[in-house]
Amino acid sequence: MSYKDKIKDKDQDIYILALESSCDETAASVNKNGLEILSNVVSSQVDLHKKFGGVVPEIASRKHLELLLPVIDQALAEAGVEFEDLDAVASTYGPGLVGGLLVTLTAAKTISLALNIPLIGVNHIAGHIYANFIANPEIEKPLICLTISGGHTDLLYFEDLRGYQILGRTIDDAAGEAFDKISRFLGLGYPGGPAIEKAARSGDRDAIDFPRADLGDSYDFSFSGLKTAVMNHVHNEEQRGNEIDQNDLAASFQEAVVDSLASNLIKAVREYKVESVVISGGVAANQRLREVIAERLKEHNLELYYPPLELCTDNAAMIGAVAYYQYLEQDFAPLSISADPSLKL
Amino acid sequence: MLILGIDTSTDILGLALMESGQLKGEYNLSLKRQHSEKLLPLIEEIFELLGFEAGNLDGIAVAVGPGSFTGLRIGITTAKMLGRIFSIPVKGISTLEILAAGAEGNYLLPLLDARRKRVYYSFFQRMENELFLKAINKAASAGISELPEILSKYQDQEISIIGEKTAEVKEVLAKNNFRVRVFRAEKNHPRAAVLARLGEDYLKSGQADDIYQLKPAYLKIPQAEINWQQKYGSK
């Protein structure tokens with residue numbers, strides 16, 4: 001009953017069906033040898049959740065179950081592939097909403113059992129990183145990747161695409177979380193990243209000299225001290241009866257976050273001899289961050305890569321790309337794998 | 001005809017293989033929230049133990065609730081995928097019908113706990129020479145105290161009550177002069193063998209479901225939708 005003797009090596013063509021349902025997109029794709037995307041079907045439920053001002057988990061789960069077969073059918077049809085042609089099946093198993101995750105994870109398990117092919121459980125965050133490699137297959141290795149969002153801040157080193165080493169991560173808030181908290185504190189709205197960035201455009205980033213966390217030799221990040229400094233600054237100014245320029249405050253805060261992220265990244269670039277630098281995750285959309293990192297990379301003669309917009313949103317192609325490299329490592333999941341809503345890299 | 005019955009609607013994970021009217025094997029395991037981890041390994045195990053493989057299947061019967069939404073989606077997703085991959089028919093069956101079909105009596109009241117002194121119930125009649133139970137009342141939820149009123153036309157019949165909350169329901173019905181019949185422990189859980197047998201009967205009589213439309217018997221719209229409607233009216 002084992003699929004062990006069917007496992008191919010990397011000289012043979014490998015077809016993987018990948019599935020994704022961690023939030024409010026139901027997605028399926030077929031890819032060949034990792035980065036060649038034969039189909040990439042995404043059915044978004046954004047309109048269903050709009051009236052609630054956010055994703056409603058139970059509504060999302062119901063919709064995933066409805067869309068599951070149509071999305072898989074379309075992905076197979078567009079790729080011109082039948083179930084029997086598949087070498088493996090993959091699904092995101094975290095992080096995300098547990099009810100949603102379970103839909104495609106259960107489907108992938110069933111496909112694995114029915115076709116006797118390996119099951120691959122993929123971390124959604126890794127998917128966002130690999131979206132870069134789909135968009136820019138020319139990216140040279142080894143590379144450094146900074147992946148930053150509302151849920152995580154990780155600095156990674158890739159010798160090749162088969163795996164990564166975590167150099168540093170946040171010891172308290174994620175960068176995106178810091179943006180959200182300060183944005184809420186200043187009454188600028190949600191999500192905080194774009195709100196702060198917009199206000200910062202009209203502000204002076206040198207107006208206030210906020211502290212940068214000093215974590216010594218480590219590549220870790222910390223943003224809770226900065227958050228406290230911003231709040232203290234506002235309270236002090238208010239007590240003195242001074243008016244606060246929100247734009248200056250936003251710009252100075254953003255500059256402190258960007259500087260912390262960029263400094264650690266450049267420190268890693270100096271230490272590890274890399275050929276490329278990649279950023280991913282929601283905060284990677286911040287223009288000031290891209291500008292500062294690209295500028296500081298010039299003296300190292302390195303280009304900065306980030307994924308195009310269409311691969312920034314959730315999709316299954318990026319899950320399939322990760323799955324391919326897990327396939328080569330024979331990093332397969334047992335049928336007992338469960339969803340992990342707070343999965344980390 | 002080889003039928004796999006899958007029930008993840010309650011705390012009990014039910015799996016049964018039925019081959020042309022012969023029960024090959026059955027699991028009924030009280031696993032609570034482990035359906036996601038256990039279902040596929042147990043399907044693999046039951047096939048292996050009994051010398052079958054998934055490709056041998058001719059049809060699937062799956063419990064569609066009422067029950068835990070997350071649990072139901074695990075079983076139904078599995079049934080849909082197996083149906084799609086092997087092009088075999090799938091029949092969704094009410095968990096209440098499974099309870100009723102597994103017990104004796106001509107008037108059957110299967111029950112599942114809906115919390116806060118409420119139950120999910122159906123009311124069935126067993127007809128002579130009929131293969132299937134006749135649903136007098138389709139699956140719905142009701143307060144336990146409302147049941148005498150709902151069943152008032154059947155006060156002169158003996159009613160079999162099966163499932164959860166049977167002691168409470170028996171007391172309320174007896175107080176209102178109903179004749180009731182209750183069962184020992186093994187009848188008060190949905191049994192996978194009954195599900196698989198029902199599945200075979202339905203599929204043999206050509207009553208399969210469209211796997212693209214198959215979904216749990218939700219019986220309740222999402223709480224967020226209820227809140228929204230209370231605030232803004234429906235639509």
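Note that these values count all heavy atoms, side chains included, but never hydrogens, waters or copies made by symmetry. Bear in mind that the values here come from a model prediction, so they are computed numbers and not experimental data. So you know, we letter chains A, B, ... as the sequences are listed, proteins then strands, and number each from 1.
- Using bins of under 30°, 30° to 60° and over 60° for the plane-to-plane angle, the ring pair Tyr202(B)/Phe132(B) lands in the parallel bin.
- For a residue to count as touching a neighbouring chain, one of its non-hydrogen atoms must lie under 4.5 Å from one of that chain's; by this rule Gln223(B) does not touch chain A.
- In this model, a donor atom of one side chain and an acceptor atom of the other lie less than 3.5 Å apart for Ser22(A) and Glu20(A).
- With a 4.5 Å cut-off on non-hydrogen atoms, Lys231(B) does not touch chain A at all.
- The part of Val56(A) that comes within reach of chain B is its side chain, from C-beta onward, which places non-hydrogen atoms under 4.5 angstrom from that chain.
- Of the two parts of Leu105(A), neither the backbone nor the side chain holds a non-hydrogen atom closer than 4.5 Å to a non-hydrogen atom of chain B.
- When heavy atoms are compared at a cutoff of 4.5 Å, Ser36(B) approaches chain A by way of both its backbone and its side chain.
- Counting only N and O atoms by type, the side chains of Ser61(A) and His64(A) include no donor and acceptor under 3.5 Å apart.
- Relative orientation of the Tyr232(B) and Trp228(B) rings is tilted, given thresholds of 30° and 60° on the angle between their planes.
- The shortest non-hydrogen separation linking Leu203(B) to Lys91(B) is CD2-CB, 3.9 Å.
- Of the listed residues Leu115(A), Ile111(A), Ile337(A), the one with more heavy-atom pairs under 4.5 angstrom with chain B than any other is Ile111(A).
- For the set Met81(B), Gln34(B), Arg84(B), Arg73(B), the count of heavy-atom pairs under 4.5 angstrom toward chain A peaks at Arg73(B).
- Residue contact with chain A, scored on non-hydrogen atoms closer than 4.5 Å, involves the backbone and the side chain of Lys80(B) alike.
- At a 4.5 Å heavy-atom cutoff, Leu57(B) makes no contact with chain A through either its backbone or its side chain.
- Checking Thr106(A) against Thr77(B) by side-chain atom types alone, no donor-acceptor pair falls below 3.5 Å.
- Residues Ser336(A) and Glu37(B) bring no donor and acceptor atom of their side chains to less than 3.5 Å of each other.
- Both the backbone and the side chain of Pro70(A) have a heavy atom closer than 4.5 Å to some heavy atom of chain B.
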